[in-house]
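Each remark here refers to the structure printed beneath this line.
Quantities reported herein were computed from a predicted structural model and do not represent experimental measurements. Side chains are part of it too, since the values below use all heavy atoms of this structure and drop only hydrogens, waters and symmetry mates.
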Amino acid sequence: MRAIVVGAGIAGLATAWWLREAGWETTVLEQRTERGGAARTEAATAGTLPGGYVIDFFGPGYDAVERMGLLDRVRAHDLALEGVQYRTPRGRPTARMGGEALLRLSGDRLVSLLRGDLELVLRASLGPEADVRHGVGPVRVDPGGDGVSVELTDGTVERADLLVGADGTHSRVRALVFGPEEDYRRYLGAHTAAFLFEDPEVARALGRELHMLEAPGVQAGLYRLSEATGATFLCHLAPDGALPADPRARLRQVYSGMGWHLPRVLETCPPRPFYDAVEQITVPAWSRPRVVLVGDACHAVSLMAGQGASMAVAAAEVLGRELAATGPSAERIGAALARYEERVKPVIEAKQAAGRRTARWFVPASAARLLVRRQALRLSSTRLAARVMRPFLTGPDTAGRPRV
Ligand SMILES: Cc1cc2nc3c(=O)[nH]c(=O)nc-3n(C[C@H](O)[C@H](O)[C@H](O)COP(=O)(O)OP(=O)(O)OC[C@H]3O[C@@H](n4cnc5c(N)ncnc54)[C@H](O)[C@@H]3O)c2cc1C
């Protein structure tokens with residue numbers, strides 16, 4: 001049986017891995033043109049890589065990569081952060097959350113790494129012979145009784161038993177088959193941005209901590225990646241939601257009141273950094289005949305819930321395992337897709353609800369709220385507080401085995 005997977009991100013590559021394990025032939029289509037490590041490193045240094053931000057990877061996805069035999073390779077990219085240091089806009093330290101507290105919050109199973117590095121590990125796990133095509137995506141989808149035809153941007157037409165839309169929050173597969181993004185997005189009131197920078201002096205000053213400069217409605221995180229490079233993680237409230245035409249100019253304007261190393265880092269911001277609205281995606285039914293969605297395309301939890309990558313890998317495993325036990329008929333594939341959704345959706349709904357609950361604490365809008373959060377963070381270094389806070393931060397079932 002054959003599947004076309006759209007998106008060589010975390011969900012798409014993990015889905016291809018599980019489908020190949022189950023004996024499916026897979027073709028992965030990726031709109032990005034860069035290939036392999038060298039191009040990735042270049043792009044990362046220029047700050048243009050979409051994966052150029054750090055993710056905390058824990059929970060069900062962490063367990064899933066362990067079952068894939070990839071945990072050591074993923075852990076090899078761990079930035080081994082020693083904690084989060086919160087600071088005033090001018091850089092004065094306020095509260096600190098130690099690395100041990102972070103580990104406890106994740107049930108002692110956490111790795112912090114570049115999103116692109118997780119993709120690299122997943123891509124390598126498919127082997128060089130895997131059919132992964134870059135610079136191409138779908139323009140038309142035609143599901144029929146005995147298969148699905150997909151017309152591609154290069155003018156060719158591919159036919160398969162199943163089309164998997166793993167193409168992220170702004171999924172083209174979803175738009176083509178399920179309808180426009182407006183029907184499925186829930187905006188959480190903030191914009192986020194990230195880019196990588198090269199500056200040995202700043203990198204050295206950052207040490208092994210994430211530094212968060214915070215002011216009402218605005219926060220800017222800085223990490224060190226290596227001796228010479230660092231990463232930013234920016235998030236600010238944006239009530240009207242409209243994305244700016246010039247994201248770099250918007251960032252320089254929104255963060256102009258902040259000091260410490262930030263102005264120098266913002267000087268190096270590329271013209272098109274990663275910049276997007278913080279949103280959740282809720283799709284009432286994740287599949288149509290011969291087409292299914294996985295990852296952010298159908299269940300983005302948003303960075304406020306903090307486990308999108310983890311859930312993408314975990315959901316890919318469930319999808320792959322359900323499809324392993326099926327035959328090529330539309331009915332049997334449809335039944336497997338229904339079981340996949342039935343198993344994963346309740347977990348996603350709980351995490352999305354947790355993300356919405358914590359949204360106003362993620363970027364506090366007022367000085368009073370910032371103060372409350374600071375106190376909570378100070379408390380979080382105790383074992384009891386970590387236990388109490390974990391469900392609010394991560395949803396109900398991130399420790400131990402996944403229930404998906
Ligand atoms: C700033 C930030 C911080 C985050 N922090 C965390 C964190 O700490 N922990 C965590 O678990 N998650 C985190 N997330 C969420 C996580 O990054 C996503 O949930 C995860 O990347 C989703 O994976 P995905 O494969 O579904 O989608 P994506 O990663 O978006 O991948 C989709 C892929 O599809 C490709 N594509 C898109 N359209 C097409 C097309 N038309 N044709 C072909 N290919 C296409 C894209 O180029 C991309 O490669 C964070 C997100 C952001 C923005």
Side-chain angles (χ1 to χ4, degrees), residues 1-20 24-44 46 48-52 115-144 147-181 272 274 276 281 283 286-298 300 309 312-313 315-316 319-320 323 333:
M1 288 194 290
R2 174 163 196 249
I4 296 170
V5 179
V6 179
I10 294 164
L13 293 169
T15 301
W17 190 93
W18 283 100
L19 286 178
R20 284 158 62 86
W24 284 61
E25 189 194 323
T26 60
T27 293
V28 181
L29 308 174
E30 169 56 51
Q31 71 179 2
R32 273 182 281 153
T33 50
E34 71 253 26
R35 291 158 204 263
R40 184 189 152 274
T41 309
E42 257 167 49
T48 56
L49 183 75
R115 187 189 86 171
D117 284 338
L118 180 55
E119 286 175 358
L120 271 192
V121 171
L122 292 169
R123 172 65 188 89
S125 75
L126 296 180
E129 74 291 351
D131 185 8
V132 181
R133 304 180 197 170
H134 284 259
V136 68
V139 288
R140 209 167 66 85
V141 177
D142 185 10
V148 54
S149 295
V150 187
E151 189 182 325
L152 306 185
T153 44
D154 63 7
T156 58
V157 176
E158 293 285 339
R159 200 159 166 77
D161 299 288
L162 182 67
L163 172 66
V164 181
D167 45 351
T169 313
H170 309 297
S171 169
R172 180 91 177 120
V173 172
R174 192 186 59 224
L176 290 170
V177 179
F178 295 72
E181 183 165 328
R272 313 290 316 170
F274 168 81
D276 207 350
I281 296 291
V283 181
W286 293 359
S287 66
R288 297 282 162 88
R290 304 256 175 217
V291 183
V292 65
L293 302 174
V294 64
D296 275 8
C298 62
V313 180
L319 179 59
L323 285 167
I333 290 179

Q | OG1-CG distance between Thr15 and Leu319, expressed to the nearest 0.5 angstrom | A | 5.5 Å
Q | With Ala130 via side chain to side chain contact (heavy atoms under 4.5 Å, CB included) - residues at least two apart | A | Arg20, Arg123, Leu126, Val132
Q | Partner set under ring pair (Phe, Tyr, Trp, His ring centres under 6.0 Å) for Trp18, not counting sequence neighbours | A | none
Q.
What's the separation between atom CZ in Arg133 and atom CG in Leu29, rounded to the nearest 0.5 Å?
A. 6.5 Å
**Q.** Smallest separation among heavy atoms of Gly320 and Leu19, with atom names
**A.** CA-CD2, 4.4 Å
Q.
The criterion is side chain to side chain donor-acceptor pair (under 3.5 Å); which residues satisfy it with Arg288, sequence neighbours excluded?
A. none
Q) Donor-acceptor pair, His134 side chain versus Glu30 backbone, under 3.5 Å? A) no
**Q.** Audit row: Ile10, Val313, side-chain contact (heavy atoms from CB on, under 4.5 Å) steps and yes/no
**A.** CA-CA 7 Å; Ile10 294 164; Val313 180; 3.3 Å; yes
Q. Listed by chain and number, what are the salt bridge (Lys or Arg N to Asp or Glu O under 4.0 Å) partners of Arg290, not counting sequence neighbours?
A. none
Q: Considering non-hydrogen atoms only, spot the tightest contact between Thr169 and Ala300 and give its length.
A: OG1-CB, 4.4 Å
Q: With sequence neighbours left out, write down each residue that passes salt bridge (Lys or Arg N to Asp or Glu O under 4.0 Å) with Asp276, or none if nothing qualifies.
A: none
Q: Could you check if a side-chain atom of Val148 sits within less than 4.5 angstrom of a side-chain atom of Val141, using non-hydrogen atoms only?
A: yes
Q: Measure across Ala16 and Val28 and return the closest heavy-atom pair with its distance rounded to 0.1 Å.
A: CB-CG2, 3.8 Å
**Q.** From CD (Glu181) to NE2 (His170), nearest 0.5 Å
**A.** 5.5 Å
Q. If you measure from CG on Asp131 to OG1 on Thr27, what distance do you get to the nearest 0.5 Å?
A. 3.5 Å
Review item, side-chain donor-acceptor pairs of residues 161-168, under 3.5 Å, at least two apart:
from: Asp161; atom 1: OD2; to: Arg2; atom 2: N; distance (Å): 2.7
from: Asp167; atom 1: OD1; to: Ser171; atom 2: OG; distance (Å): 2.6
from: Asp167; atom 1: OD2; to: Ser171; atom 2: OG; distance (Å): 3.4
from: Asp167; atom 1: OD2; to: Arg172; atom 2: N; distance (Å): 2.8
from: Asp167; atom 1: OD2; to: Val173; atom 2: N; distance (Å): 3.0

Q. Partners of Thr153 by side chain to side chain donor-acceptor pair (under 3.5 Å), sequence neighbours excluded?
A. none
Q: Considering non-hydrogen atoms only, spot the tightest contact between Phe178 and Trp286 and give its length.
A: CZ-O, 3.7 Å
Q: Quick one: list whatever passes side chain to side chain contact (heavy atoms under 4.5 Å, CB included) with Pro180, sequence neighbours left out.
A: Glu182, Asp183
Q: Identify the two heavy atoms, one from Val150 and one from Pro138, that lie closest to each other, and give their separation to 0.1 Å.
A: CG1-CB, 3.8 Å
Q.
Going by the rule side chain to side chain donor-acceptor pair (under 3.5 Å), which residues pair with Glu151 if we only count those two or more places apart in sequence or in a different chain?
A. Arg140
Q: Under the side chain to side chain contact (heavy atoms under 4.5 Å, CB included) rule, collect the residues that match up with Ser125, sequence neighbours excluded.
A: Trp17, Leu70
Q: For residues Val294 and Ala316, report the shortest heavy-atom separation together with the two atoms involved.
A: CG2-N, 4.0 Å
